[in-house]
2 protein chains.
Amino acid sequence: MSIASDLIRGHTDTIILAQLFKGDSYGYEINKAVQQLTDGQYELKEATMYTAFRRLESTHLIESYWGDEQTGARRRYYRITPNGRAAYRRLQGEWEVAKELIEKLIRIKE
Amino acid sequence: MSIASDLIRGHTDTIILAQLFKGDSYGYEINKAVQQLTDGQYELKEATMYTAFRRLESTHLIESYWGDEQTGARRRYYRITPNGRAAYRRLQGEWEVAKELIEKLIRIKE
DNA sequence: TTATATACATTGACAGGCGAGGTATATCGC
DNA sequence: GCGATATACCTCGCCTGTCAATGTATATAA
């Protein structure tokens with residue numbers, strides 16, 4: 001993990017929104033998806049993830065509801081809102097811009 | 001500015017090291033270079049930049065010395081150290097890795 | 001019955017970014 | 001001579017996001 005963790009800081013919200021864009025999900029599952037997508041190279045720390053859920057819900061970008069599992073631990077599902085979809089698209093655009101800026105700024109090829 | 005500022009967070013040290021890799025420079029000049037390289041789309045906030053200088057110097061990635069200007073405001077020049085060059089190369093590698101991870105995580109194309 | 005996996009959540013410390021404020025020198029227009 | 005602007009430095013204190021540590025509860029496998 002360690003490596004890149006600093007650099008992915010700031011993308012937590014976007015990562016969560018991107019997962020929820022594909023369909024409702026819950027914390028544990030989202031985190032597993034993140035690990036699977038990166039071949040275990042990255043994971044959302046639980047504290048970070050739940051902080052992000054609170055933040056995203058308080059700004060109405062996502063909504064939550066309890067699943068109706070008959071067995072096993074209870075799950076709090078999250079759903080992306082229309083505002084959340086708009087925010088996701090905006091964040092994706094910002095990433096494209098930021099990526100280009102960073103490329104320009106950290107290469108030594110004058 | 002605003003946009004992307006969050007996303008470039010974490011690259012401040014790399015940006016400064018990259019500029020110093022090209023040759024000794026001082027705060028004001030580095031910041032102008034950053035603005036010029038990004039066509040005014042990004043700038044290092046002074047407080048952020050000077051905080052970074054302190055951090056980089058305390059970890060021996062850069063060294064500083066006063067310029068001998070006969071006129072005008074005094075300038076504190078910075079020089080990258082061998083440690084700094086190594087750190088820069090490492091950070092650049094980490095960026096390549098992080099970039100790929102982010103791309104995988106924020107796109108909705110499953 | 002002990003360990004592991006699933007699943008949630010909070011607290012408190014830490015680090016980086018940055019607005020606001022401050023200092024000093026030089027030049028340009030009026 | 002005077003105010004504005006550019007150059008050039010610096011620090012304090014707040015804010016925000018990350019995350020280690022800790023805690024809860026259920027189900028299953030050894």
Side-chain angles (χ1 to χ4, degrees), chain A residues 1-17 19 24-36 42-59 61-62 64-78 91 98 101-102 105, chain B residues 1-17 19 24-36 42-59 61-62 64-78 91 98 102:
Chain A
M1 255 24 83
S2 55
I3 174 182
S5 205
D6 267 7
L7 302 184
I8 298 186
R9 180 201 175 94
H11 294 280
T12 304
D13 291 2
T14 317
I15 291 169
I16 290 173
L17 289 174
Q19 292 309 307
D24 294 7
S25 187
Y26 55 96
Y28 199 83
E29 187 178 56
I30 289 173
N31 202 10
K32 287 294 172 205
V34 164
Q35 289 174 47
Q36 186 245 308
Y42 191 68
E43 66 166 335
L44 292 173
K45 301 293 157 50
E46 288 197 355
T48 302
M49 183 174 65
Y50 288 112
T51 299
F53 283 145
R54 300 290 156 270
R55 183 169 55 240
L56 290 168
E57 191 158 26
S58 78
T59 51
L61 302 186
I62 64 174
S64 69
Y65 56 94
W66 287 104
D68 61 347
E69 289 68 35
Q70 304 303 318
T71 178
R74 73 209 199 292
R75 299 171 179 170
R76 184 194 283 273
Y77 281 85
Y78 293 95
L91 288 167
L101 293 182
I102 293 168
L105 292 172
Chain B
M1 256 25 82
S2 54
I3 174 181
S5 204
D6 267 7
L7 302 183
I8 297 185
R9 182 202 174 93
H11 294 280
T12 304
D13 290 2
T14 317
I15 291 169
I16 291 172
L17 290 174
Q19 292 309 306
D24 294 9
S25 188
Y26 54 96
Y28 201 82
E29 188 178 56
I30 289 174
N31 203 10
K32 287 295 173 206
V34 164
Q35 289 174 45
Q36 186 245 308
Y42 191 66
E43 65 165 337
L44 291 173
K45 301 293 156 52
E46 289 196 355
T48 302
M49 184 175 64
Y50 288 111
T51 299
F53 283 145
R54 301 290 155 269
R55 184 170 53 240
L56 290 167
E57 192 159 24
S58 78
T59 51
L61 302 186
I62 64 176
S64 68
Y65 57 93
W66 287 103
D68 61 347
E69 289 69 35
Q70 303 304 318
T71 179
R74 75 210 198 288
R75 300 172 178 167
R76 185 194 284 273
Y77 281 85
Y78 293 95
L91 288 168
I102 292 167

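The basis for the numbers below is simple: all heavy atoms, side chains too, and nothing from hydrogens, waters or symmetry mates.
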Practice problem: Could you label the plane-to-plane angle of the A/Y26 and A/Y77 rings as parallel, tilted or perpendicular, counting under 30° as parallel and over 60° as perpendicular? | Solution: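 Plane angle over 60°, so perpendicular.
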Nearest heavy-atom pair of [X] and [Y]: which atoms, and what distance?
X	Y	result
A/R75	A/W66	O-CE3, 3.3 Å
B/M49	B/G27	SD-O, 3.4 Å
A/G10	B/L7	O-CD2, 3.6 Å
B/I16	B/F53	CG2-CE2, 3.7 Å

Nearest whole Å is fine: how far is [N] [atom2] from [X] [atom1]?
X	N	atom1	atom2	value
B/R75	D/dT7	CZ	C1'	8 Å
B/N31	D/dC10	CG	C1'	15 Å
B/Q35	D/dA8	CD	C1'	14 Å
A/R54	C/dT11	CZ	C1'	14 Å
B/H11	C/dC18	NE2	C1'	18 Å
B/K45	D/dC15	NZ	C1'	14 Å
A/E69	C/dA5	CD	C1'	15 Å
A/E57	C/dT10	CD	P	11 Å

Practice problem: Check every atom of C/dA9, D/dA6, D/dC10 against the side chain of A/R76 and return the nucleotide holding the closest atom. | Solution: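 The answer is C/dA9, which lies nearest to the side chain.
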Quiz item: Between B/Y26 and D/dA8, is there a side-chain N or O to OP1/OP2 distance below 4.0 Å?
Solution: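 Yes.
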Exercise. Look at the side-chain N and O atoms of A/Y50 and state whether any lies under 4.0 Å from the OP1 or OP2 oxygen of C/dC8.
Key: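 Checking C/dC8 against A/Y50, a side-chain N or O does come within under 4.0 Å of OP1 or OP2.
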In Å and rounded to the nearest 0.5 Å, what is the [atom1] to [atom2] distance from [X] to [Y]?
X	Y	atom1	atom2	answer
A/D13	A/L56	CG	CG	4.5 Å
A/N31	A/I15	CG	CD1	10.0 Å
B/D24	B/Y65	CG	OH	3.5 Å

Using the 3.5 Å cut-off, write out each protein N or O paired with an N or O of nucleotides 22-25 of chain D and the distance between them.
none

Quiz prompt | Along DNA chain D (nearest heavy atom to each residue), the more 5'-positioned of A/T71 and B/F53 | solution =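 The 5'-side residue here is B/F53.
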Report each atom pair, protein N/O against N/O of nucleotides 12-16 of chain C, whose distance is under 3.5 angstrom.
| unit_1 | atom_1 | unit_2 | atom_2 | d |
| --- | --- | --- | --- | --- |
| C/dG16 | O4' | B/R9 | NH2 | 3.1 |

Exercise. Determine whether A/L105 and B/H11 make a side-chain contact, defined as any pair of heavy atoms from C-beta on separated by less than 4.5 Å.
Key: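 Heavy-atom side-chain distance check fails, nothing below 4.5 Å.
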